[in-house]
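Only one structure is covered here, and it is reproduced in the block below.
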Protein chains: 2
Amino acid sequence: MARALSDECCPHQKLVQGFNALSHPARIKILKHLSGFDACCCKEVVQHLDLAQSTVSQHLKVLVEAGLVQVRPERQSSRYEVDTEALASLSEALSLLTQTCVDAKENKKLRLEAEANEQ
Amino acid sequence: MARALSDECCPHQKLVQGFNALSHPARIKILKHLSGFDACCCKEVVQHLDLAQSTVSQHLKVLVEAGLVQVRPERQSSRYEVDTEALASLSEALSLLTQTCVDAKENKKLRLEAEANEQ
DNA sequence: ATCGTATATCGCCGATTAACGATGAAAGGT
DNA sequence: ACCTTTCATCGTTAATCGGCGATATACGAT
């Protein structure tokens, strides 16, 4: 496997995990569903999505492991809830990355213009 | 396979593809690298990342297909460049999703308080 | 024409993912 | 005590991913 990626495995790691959690349509739907309703038990999501219960459970697990969803094991039905802070933090990170790219491009443009004027 | 997900294959599709492109550490690094330098040929990325050239080429392809990177086939070396607009748009979409969740949670809280006061 | 360089693509592999059904465990209701 | 509901986990299968080396392809230089 990734013999070359074992280095520096950390800074992006959480980021990458978050994006990975968002990289499946079912999980996006689950997130939206969770945000819109109070009854956040697994069964409800299952009914809404028409996927097998075990499959939904897996997707929920991925979301939980990525930190985007919190689970509170209740009486007989666990309750799932979007971790809005984590989601916001991921969103923030993407904003930052985007801004970095935008700024870099801007600087590049300015530098090119400066060079042109020096000629 | 996803017998159940063939429905409604579109609205999230681009989103999901974007997040998927961001869900690998090598691709995040590539994005950052592309944004920071002018010389955006494949070889340069290869040297920077210490992955095989074919592997980097694959990752670039994923980024291009997701629309986050634009490729301009030049003389003998293609030039890769971050599509800042697409990245910004993805970032925007995540912001929106986040806001949706935050708002829903806020509403939920308010509603619960209202119910409590009615008692 | 041939060589060198830069990419892209192919074929292969091992690992991972995503789906399912079946089974097990915990909690409630009767 | 027993049945039902709800969820998690296991095992299986098929598909996809991520890596590599090897092989095109395209072009400039000699």
Side-chain angles (χ1 to χ4, degrees), chain A residues 1-7 9 12-13 16-30 33-34 37-66 69-81, chain B residues 1-7 9 12-13 16-30 33-34 37-66 69-81:
Chain A
M1 216 250 279
R3 70 140 178 47
L5 288 180
S6 51
D7 63 331
C9 59
H12 305 322
Q13 204 254 5
V16 162
Q17 203 177 3
F19 290 132
N20 182 60
L22 296 178
S23 72
H24 192 289
R27 292 196 285 266
I28 297 272
K29 289 183 197 169
I30 291 177
H33 185 74
L34 287 185
F37 295 84
D38 277 351
C40 322
C41 63
C42 177
K43 192 199 172 196
E44 219 224 356
V45 180
V46 170
Q47 289 167 344
H48 181 252
L49 276 194
D50 133 90
L51 283 172
Q53 178 266 327
S54 53
T55 305
V56 171
S57 190
Q58 278 299 321
H59 282 308
L60 283 169
K61 192 178 178 186
V62 171
L63 286 165
V64 168
E65 283 174 350
V69 165
Q70 284 186 338
V71 58
R72 197 164 15 115
E74 203 128 324
R75 316 305 158 112
Q76 75 266 39
S77 73
S78 309
R79 317 209 76 208
Y80 290 91
E81 170 167 32
Chain B
M1 213 252 281
R3 70 145 176 43
L5 289 180
S6 51
D7 63 331
C9 59
H12 304 321
Q13 204 253 5
V16 162
Q17 203 175 6
F19 291 133
N20 181 60
L22 296 178
S23 72
H24 192 290
R27 292 196 286 265
I28 297 274
K29 289 183 198 169
I30 290 177
H33 185 74
L34 288 184
F37 294 84
D38 277 352
C40 322
C41 64
C42 177
K43 192 200 173 195
E44 217 223 356
V45 180
V46 170
Q47 289 167 344
H48 181 253
L49 276 194
D50 134 89
L51 283 173
Q53 178 266 328
S54 55
T55 304
V56 171
S57 190
Q58 276 300 321
H59 282 309
L60 284 169
K61 191 179 178 185
V62 171
L63 287 165
V64 167
E65 282 174 350
V69 165
Q70 284 187 338
V71 57
R72 200 164 13 114
E74 203 130 321
R75 318 302 160 114
Q76 72 265 41
S77 74
S78 307
R79 317 209 75 208
Y80 290 91
E81 169 168 31

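Every residue was checked against the salt bridge (charged side-chain N to carboxylate O under 4.0 Å, His left out) condition with B/Glu65, not counting sequence neighbours, and none meets it. Looking at residues two or more places apart in sequence or on another chain, you find a side-chain contact (heavy atoms from CB on, under 4.5 Å) between A/Thr55 and A/Leu51, A/Ala52, A/His59. Applying the side-chain hydrogen bond (donor to acceptor under 3.5 Å, both in side chains) test to A/Gln70 and every residue at least two apart in sequence or in another chain returns A/Asp83. Scanning for side-chain contact (heavy atoms from CB on, under 4.5 Å) contacts around A/Ser57 gives A/Gln53, with sequence neighbours left out.
Of the side-chain N and O atoms in A/His59, none sit less than 4.0 angstrom from OP1 or OP2 of C/dT17. Proximity of B/Arg79 to the phosphate of C/dT7: no side-chain N or O atom is located under 4.0 Å from OP1 or OP2.
Between A/Asn20 and A/Val56, the residue whose closest nucleotide on DNA chain C is further toward the 5' end is A/Asn20.
Atom CZ of A/Arg72 and atom P of C/dA26 are 21 Å apart (whole Å). Following rounding to the nearest Å, B/His24 (NE2) and C/dT16 (P) show an atom-to-atom distance of 12 Å.
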B/S/- contact track for nucleotides 3-10 of chain D, protein heavy atom under 4.0 Å: ---SBBB-
Taking only N/O atoms, report every protein-nucleotides 11-14 of chain D pair under 3.5 Å with atom names and distance.
none

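Here the CG atom belonging to A/Leu49 is positioned 12.0 Å from the CZ atom belonging to A/Arg27, to the nearest 0.5 angstrom. For the atom pair CZ (B/Arg79) and SG (B/Cys42), the distance works out to 13.0 Å, reported to the nearest 0.5 Å.
Note on the helix from C/dA1-D/dT30 to C/dT30-D/dA1: terminal axis deviation equals 10°, with five pairs used at each end and the result rounded to 10°.
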